[in-house]
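First the structure, in the form of structure tokens, and then the observations on it.
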Amino acid sequence: MRNMWIPLSLCLAALLIFNGCGGEQTGEPINFTIAATNGGLLVKLDWDAPDADEPDNYIIYFKEVGTTDWVEGATVESDVFTYTHDPDEATGDYRIAAVYGEDEFDSDILTTIPVHTGAVTIAELNAAGNSGYGWDMTDFMGSTYSMTQATNAPYVDFYVTDFAAGTATSNWYIASPDLGPSSVDSTVVPDGNWRTNRFSNPVTDPDAALPAFSATTYFNWTNNIEVDPTYIGVYLTDEEHYALVKFSGVNTGNGTIQAETWFQTVQGLRLIAH
Amino acid sequence: MRNLGILLIAVIALMVIGCQPPEGMGGVTQEQFDELKTNVETLQTDVGNLHMALDSLTTIYNGHIEKWHKGGKVAPAPPTTTPSPPPRKGG
């Protein structure tokens, strides 16, 4: 009978050890969000504690656009749920890891890399084809629209014109849609609730942060966009989002130009590196 | 009592004179201004339509000359239109 107690005790001990009696409940950070701060140049990360035991600490990871490796950034205490990252004008992916001993549990991945829409053909207002362009606020992809239909007014973020009858061979403009019915372009653009947006002067470095929106940096139109290539910063005044447009490949014969865009999905963030 | 009556009449007379608009300032009403604005906008539209009609007519005429009168004199190209953008506004 005594011999039976030894294996029974061993079994009980093994059960206690391997069954995790009193073991740690682990989990990933939840409700992870990113937002622009410090005038649109820094990225503020916020999250909540895992729905589990308190981790030892949190590690912030960043993977810069155009690279493949996650870089370990700051480590913060377990009672800290916010961190402001200075990406030095770079964009990239972010994740937060909750650390339990040797193990890490990752949050969702969020990104500041702008959404790219490949080159599309835009016609000068008096040429054949669509002259308007706008971004969808759900997937942030760009599309062209006709400026002759008032029903397109809510979707157009800018249009291409020479502010003259016919199509000139130079001095083309990117213009705010609301200028259509209130300028010489009113012969083509009907009255409607056209949007009001603003445009920077041409930018020289398409990967640098865009200028901050102000009365001296963004305007209702910018001209000479037919110079190949021309990069223009766009500010959507209602949504407070920044975007970059690259104009190239002007064809004065049929009055068209190519537009390629990058849309920053984080409101107020001026970073556009791609 | 009589003096008081004279004083009252004088005050009323001064008030009436003081309420008259300055010379040359009472000529244009808001309605007239709005009408003028509408007229200018209509003229702008008409000029734009004329430009388009002229372009279309020129294209048709030149097509006719090319088809039926080889070597005939085609209509001259219209002068380059000067761009007339609205004022550039910031912010």
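Protein chains get the first letters and strands the later ones, always in sequence-line order, with residue 1 at the start of each.
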Report task. Could I get the full list of side chain to side chain donor-acceptor pair (under 3.5 Å) partners for Ser146(A), not counting sequence neighbours? Result ->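 Per chain and number, Ser146(A) pairs via side chain to side chain donor-acceptor pair (under 3.5 Å) with Thr148(A).
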Query raised in the report: In chain order, what residues pass the side chain to side chain donor-acceptor pair (under 3.5 Å) check against Asn31(A), with sequence neighbours excluded?
Result: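 By the side chain to side chain donor-acceptor pair (under 3.5 Å) rule, Asn31(A) matches Asp48(A).
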**Report entry** Atom OH of Tyr155(A): over 12 foreign heavy atoms under 6.0 Å
**Finding:**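 Result for OH/Tyr155(A): open.
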Requested in this report: Would you indicate whether Asn193(A), at its atom CG, is surrounded by more than 12 heavy atoms from other residues, nucleotides or ligands within a distance under 6.0 Å?
Outcome: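 No, the 6.0 Å shell around CG holds no more than 12 heavy atoms from other groups.
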Report task. Report the distance from atom CG of Asn171(A) to atom OG1 of Thr82(B), rounding to the nearest 0.5 Å. Result ->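 Separation between the atoms: 10.5 Å.
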Query - Spacing of Thr196(A) atom OG1 and Lys89(B) atom NZ [to the nearest 0.5 Å] - result: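 Interatomic distance, Thr196(A) OG1 to Lys89(B) NZ, rounded to 0.5 Å: 8.0 Å.
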Query - Per-residue contacts, residues 206-231 of chain A versus chain B, heavy atoms under 4.5 Å - result: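 Residues Phe213(A), Ser214(A), Ala215(A), Tyr218(A), Phe219(A), Asn220(A), Trp221(A), Thr222(A) are the ones that qualify, each having a heavy atom under 4.5 Å from chain B.
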Query - Minimum heavy-atom distance between Ala164(A) and Pro83(B), given as atom pair plus value - result: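 Smallest interatomic distance, heavy atoms only, reads CB-CA, 4.0 Å.
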Report task. Apply side-chain contact (heavy atoms from CB on, under 4.5 Å) to Thr256(A) and list each qualifying residue two or more places apart in sequence or on a separate chain. Result ->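 With sequence neighbours excluded, Thr256(A) shows a side-chain contact (heavy atoms from CB on, under 4.5 Å) to Thr121(A), Ala123(A), Asn251(A), Asn254(A), given in chain and number order.
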